There are 2 protein chains.
Amino acid sequence: MSVQERKERERAGRERLILATARELAEQQGWDAVTTRRLAERIEYSQPVLYSHFRGKREIIGAVALEGAAEMAAALRAAASASSSAAASATDGPRARVTSLARAYLGFAERNPAVYDAMFQLDGGLAFATEDTPEPLKDAFAALLERLGEVAGDGVNPALFTEVFWAALHGLATLTRAGRLPPGDAERRVELLVDRLAMI
Amino acid sequence: MSVQERKERERAGRERLILATARELAEQQGWDAVTTRRLAERIEYSQPVLYSHFRGKREIIGAVALEGAAEMAAALRAAASASSSAAASATDGPRARVTSLARAYLGFAERNPAVYDAMFQLDGGLAFATEDTPEPLKDAFAALLERLGEVAGDGVNPALFTEVFWAALHGLATLTRAGRLPPGDAERRVELLVDRLAMI
DNA sequence: CTCGTATGTCTAGCGGTGCTAGGATCGAAT
DNA sequence: ATTCGATCCTAGCACCGCTAGACATACGAG
């Protein structure tokens with residue numbers, strides 16, 4: 001029995017190694033550089049080993065995306081609670097919480113571009129907006145919804161409002177990183193977005 | 001002289017054929033299906049011919065993107081003027097113009113997903129937000145700016161406002177098409193976006 | 001302790017990709 | 001008619017994702 005357990009531990013460890021290596025390589029040189037050959041070489045195994053853990057490259061991307069979704073959800077919740085636990089939480093109120101939520105979202109995308117790509121730009125074979133959407137993805141959306149629901153405004157479906165707000169953040173994140181928007185005015189764009197969308 | 005002119009005409013015609021074929025193939029089966037071999041076969045030439053017109057696949061994508069930018073600019077201007085030339089233009093005013101502008105943008109993205117990808121999702125080697133940005137791209141942004149400037153609100157830089165509005169539209173377009181947003185509520189999201197962002 | 005077996009890993013290779021070197025061919029100009 | 005230059009194609013490079021089948025290793029049974 002103990003032998004089998006040890007093997008399972010080793011196997012799980014190797015799977016974490018694969019994902020961590022893929023992620024690191026993607027962040028360093030982009031997902032195009034994450035080839036099965038390079039990945040195999042870095043983990044010091046041959047290519048077929050990858051296929052005993054994942055069906056293929058797409059599934060590796062999907063696994064990294066799920067990791068990232070969990071981290072993003074945590075980052076969003078941390079940002080929201082941090083801004084409310086600070087000195088004067090009652091006065092700055094929901095306005096400051098939404099702003100720091102938006103900054104946290106864009107900050108995550110900026111600090112983890114490859115992970116963000118895995119989540120939203122690449123095909124990781126994940127289901128979205130359906131009942132069999134993986135839990136971490138639903139939870140990341142829920143983290144947004146928790147803070148944005150209170151500023152949706154009267155008579156506006158909180159989920160619908162969150163979708164629009166999220167889309168705007170996603171647009172800012174992707175266009176900024178692709179060099180489609182002048183990089184200097186990022187902060188002003190965030191403030192404008194929050195001022196207009198959020199009903200304080 | 002006439003011989004040379006004929007050859008140049010033939011060459012220009014073949015270049016249009018390449019782009020039209022690439023675009024058609026991309027719209028039918030996605031850009032992944034646009035390989036140099038398939039493209040060459042469809043235009044009934046060998047692969048190297050492609051490289052006498054374009055540096056590589058990236059440049060073909062970029063050329064399609066420029067075509068698309070010109071079309072999008074025209075579509076946006078048409079939508080804006082159509083809504084104002086309709087019956088009661090003075091009463092519905094800028095609000096209706098902005099809504100139809102947004103619908104036109106999202107409609108273009110939905111009807112020409114491959115072209116939209118070439119413009120904003122893929123690497124076509126084009127410069128953005130710099131002085132040497134190709135004219136069609138600047139013009140498409142200008143088409144947005146023309147209509148959105150009047151609803152930016154007091155003291156808000158029209159260009160900055162246009163960037164934010166554009167980012168929101170871009171987010172809606174990409175997330176919707178990737179199945180990341182429930183497809184049914186598209187129209188309600190547009191209305192919410194326009195209601196909140198545009199200062200009527 | 002030895003021996004089959006079963007698990008795990010690797011080597012080698014498939015069909016595909018973007019891209020290019022070098023030779024053949026064809027048409028224009030002399 | 002012949003040369004010469006532009007034009008195009010065949011063939012091939014290195015790389016991609018992925019897989020079949022050989023091999024070795026480590027296990028459990030006797």
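Just so you know, these numbers come straight off a predicted model, no measurement behind them. The chains referred to below are lettered A, B, ... by the order of the sequence lines, with proteins before strands, and numbering in each begins at 1.
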Q) Taking the inter-plane angle between the rings of B/Phe120 and B/Tyr116 on a 0 to 90° scale, is it parallel (under 30°), tilted (30 to 60°) or perpendicular (over 60°)? A) perpendicular
Q | Sequence-distant partners of B/Glu135, side chain to side chain contact (heavy atoms under 4.5 Å, CB included), two or more places apart | A | B/Lys138
(Q) So, using side chain to side chain contact (heavy atoms under 4.5 Å, CB included) as the criterion, who are the partners of B/Arg111 when residues are at least two apart? (A) B/Phe108
Just the rounded figure in Å: distance from [atom2] of [N] to [atom1] of [X].
X       : N     : atom1 : atom2 : result
B/His53 : D/dC9 : NE2   : P     : 11 Å
B/Tyr51 : D/dC9 : OH    : P     : 15 Å
A/Arg11 : C/dG8 : CZ    : C1'   : 10 Å

Q) Hey, what do you get for CD (A/Glu24) to CD (A/Gln29), rounding to the nearest 0.5 Å? A) 10.0 Å
Q: Any chance you could measure A/Arg103, atom CZ, to A/Glu187, atom CD, to the nearest 0.5 Å?
A: 4.5 Å
Q: Is it possible for you to say whether B/Leu76 and B/Leu145 belong to one hydrophobic cluster, with membership spreading through side-chain heavy-atom contacts below 4.5 Å?
A: no
Q | Contact list for DNA chain D against residues 13-25 of chain A - heavy-atom distance below 4.0 Å | A | none
Compile the donor-acceptor pairs under 3.5 Å between side chains in residues 34-51 of chain A and protein atoms, sequence neighbours left out, one pair per line.
from	atom 1	to	atom 2	distance (Å)
A/Thr35	OG1	A/Arg38	N	3.1
A/Arg38	NE	A/Ala33	O	2.8

**Q.** Side chain to side chain, A/Leu148 and A/Trp166, heavy atoms closer than 4.5 Å
**A.** no
Q: Taking the side chain as every heavy atom from C-beta outward, state whether A/Asp117 and A/Arg177 have any atom pair closer than 4.5 Å.
A: yes
Q: Would you check, one step at a time, whether the test side-chain contact (heavy atoms from CB on, under 4.5 Å) holds for B/Leu144 with B/Leu101?
A: CA-CA 8 Å; B/Leu144 286 175; B/Leu101 182 76; 4.0 Å; yes
(Q) Which residues in residues 30-50 of chain B have a heavy atom closer than 4.0 Å to any atom of DNA chain C? (A) B/Val34, B/Thr35, B/Thr36, B/Arg37, B/Arg38, B/Gln47, B/Pro48
Q) What residues in residues 54-62 of chain B put a non-hydrogen atom under 4.0 Å from any atom of DNA chain C? A) B/Gly56, B/Lys57
